[in-house]
Every structure is written in C-alpha cells, then in structure tokens.
Student: 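Please read through the structure below; I'll follow up with questions.
In listed order, ligands and their atoms are each counted from 1. Keep in mind that the numbers below use all heavy atoms, side chains included, and drop hydrogens, waters and symmetry copies. We number each residue from 1, following the sequence as shown.
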Amino acid sequence: MSERIINILAKDDELSKKILLELEEKLDARGFLTTRDFSNEAELSIVIGGDGSFLRSVHENDFPEVPFVGFNTGHLGFFQELSIDDVDKFVENYIKSEFKQESLHLIETSVHYEGGESKLYSVNEMVVKANKSKAVELDVFINSDYLERFFGDGLIVSTPAGSTAYNYSVRGSVVHPKLECIQMTPLAPINSKAFRSLQNSIIVPPNFIIRFEPKKRYEGEIILLNDGEERIFKNVTSVEINLSYKKIYRIVFSKNIYWNNLKDKFL
Ligand code: NAP
Ligand code: MN
C-alpha cells in the first residue's frame, strides 16, 4: 500500500508549534507520514494558525487540490474549524472518515496594463484602490454594460467565503458559501453633485465579469489588495474579475458548521 502523507503547516509561535508536535506524534503513531514541507501527493493539509495562516498557505502552494483543515491558534479563525483541544477527536474522526469535503470557488483577476497582463487568484477578495491613499476613480462595467463612474477609496470584490472578511466590515452582505456568485462592495464611495455611484453592494452570477477602467488622474498607479497582499500596478488599462473554475477544498467535521461558526465568531 502506498504511503498516506499529511502536510502539517504551522504558524511560527509557541502554541502552534505545540499542536504541530502533538499532531506529528499522534498521526505518525497511526502510520501516517507527516511532513512540514508541502507535498502535492498528500491526502490532507493541516494548517495550524488563524485565517491569515490559512490564506498564506493556500497562496504559497499555488491553490493546491489537496484538501485543507485548520486548527485555530489565531484571533478569529473563521476558516479554522478545529480548536487546540480537538487533536485526539480529530485523529479518531479522520481515521474513521467521519467528515465531508467542501469546495470553495476562487475569484480570478486579470490585470491589463501597458505592455502586459497578469492573472491573480483570491480566496477572500480582491480590492482595487489607488496608490498612496488617494481616492480611485474608475468606470465600472458589468459584462459589457456600463454601470457607474466610481470615486472613493476603492471597491472590494469578494467570494462567498470572503464575504465575512473585509466585505463584512464595510457592511457588505454575508453570502452562504454554497451560492455561486461574486459581490462588489464600495469603500467610502463619494456621492455628490460631481460623482454618483451605488452605496450598497451588488451581487452578480458566477459567469459575469466585473470590469474596472481606471481614469488617469493619479498617474495610473493602482493597488490590488489580494487576500491582504498588496501589489502595485502601473499604467493599468483595465481590471477584470470573475468567479474562477479553480477551487480549493476543505474537509469539515461538524454538521451545520456555517451558521454555528457565524454565531460563534460574530455574535
Ligand atoms: P488580518 O489583518 O489578521 O485579518 C483581519 C481579520 O480578518 C482577522 O481577524 C482574520 O482572522 C479575519 N478573516 C480573514 N479571512 C476571513 C473570513 N473569510 N471570514 C471572516 N474573517 C476573516 O490579516 P490576515 O489574517 O492576513 O487576513 C487577510 C484578510 O484580512 C483579507 O483577506 C481581508 O479580508 C482582511 N482585511 C480586513 C480589513 C477590514 O476588515 N477592515 C481590512 C484589510 C484586510 P484571523 O485572526 O484568524 O487571521
Ligand atoms: Mn490574521
């Protein structure tokens, strides 16, 4: 029989290291081969940390097909179902295959600039802003339909899984992750006689493309904040965002985890 590999990726703090050692000992004793270096041959990746650690390991390992599960040692841990007291229960339930697998759609962003194009993937959201905390001015299109001229801090385009992150802080809607859609939420939109744009979020179907065309007044320097990672692009002509066919996977142990998790973490 081939080896059953499990990746264990831990944040660099005392508590996370303690859980890492505990998991290594207990999983090795059950015949698994645990590794701290990500292997694409693994059947599972355990992330020990908060949501930030989860997001980073997904990005660093290029959105792998290996499913994730998380032990929360961070602040919130919305993605991290298990707590530090769950190690033994996790090992037993995992061996008995008492879990379900879920998938999470990513969003993909194509940035077009003079001389090239870049493609970026996000788990939570892509935020479009202007450099140096200027207000950003851009035209917004939904597919080929012109919607509005936006002027303000920026626009957040979020996945259902990301709807409880940055999107939630600016009063966007919480979207159940079973829905396939993307949400666009304004950040401090300026509404005056000079500028008028939607002040609430809009939600569009999965095959729709949200397109931004920046106006020139801040020398074309656009910031894309991808799951909290900032990138600056110069001379941007357009930014197109849609729900991707690419997915990541997670295993879940509890039934009805979504609403319980939401209540637990927010109310
Ligand atoms: P961070 O500054 O530690 O994240 C801010 C908070 O968002 C953390 O408490 C984090 O949980 C939580 N979070 C992340 N994804 C979430 C989700 N899907 N649902 C609910 N809460 C979530 O930075 P980070 O840990 O590297 O996370 C990056 C994320 O920060 C970005 O994707 C963006 O959504 C968020 N962000 C939020 C704001 C805001 O709300 N004003 C501003 C910028 C960025 P943990 O404590 O478990 O890490
Ligand atoms: Mn964090």
Student: Looking at Tyr121, is Lys246 sitting on its ring face, NZ or CZ under 6.0 Å from the six-membered ring centre and within 45 degrees of the normal?
Tutor: yes
Student: Going by the side-chain hydrogen bond (donor to acceptor under 3.5 Å, both in side chains) test, which pairs reach into residues 41-59, not counting sequence neighbours?
Tutor: Arg4-Glu43, Asn7-Ser45, Glu43-Tyr94, His59-Asp227
Student: Please collect all side-chain hydrogen bond (donor to acceptor under 3.5 Å, both in side chains) contacts where either partner lies in residues 141-156, sequence neighbours excluded, each pair once.
Tutor: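 For residues 141-156, and leaving out neighbouring residues, the side-chain hydrogen bond (donor to acceptor under 3.5 Å, both in side chains) pairs sorted by first residue read Glu137-Arg149, Asp139-Arg149.
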Student: Which protein residues come within less than 4.0 angstrom of ligand 1, counting heavy atoms only?
Tutor: Gly50, Asp51, Gly52, Leu55, Arg56, His75, Leu76, Gly77, Phe78, Phe79, Asn124, Glu125, Ala161, Thr164, Ala165, Tyr166, Ser169, Asp227, Gly228
Student: Would Phe266 and Tyr168 count as a ring pair (Phe, Tyr, Trp, His ring centres under 6.0 Å) here? Give the steps.
Tutor: CA-CA 10 Å; Phe266 284 95; Tyr168 180 79; 4.6 Å; yes
Student: Between Ser122 and Asn226, what is the shortest heavy-atom contact and its length?
Tutor: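 Heavy atoms of Ser122 and Asn226 come nearest at OG-OD1, 2.7 Å.
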Student: State which residues pass ring-ring contact (aromatic ring centres under 6.0 Å, His included) with Phe54; sequence neighbours excluded, sorted by chain then number.
Tutor: Phe68, Phe79
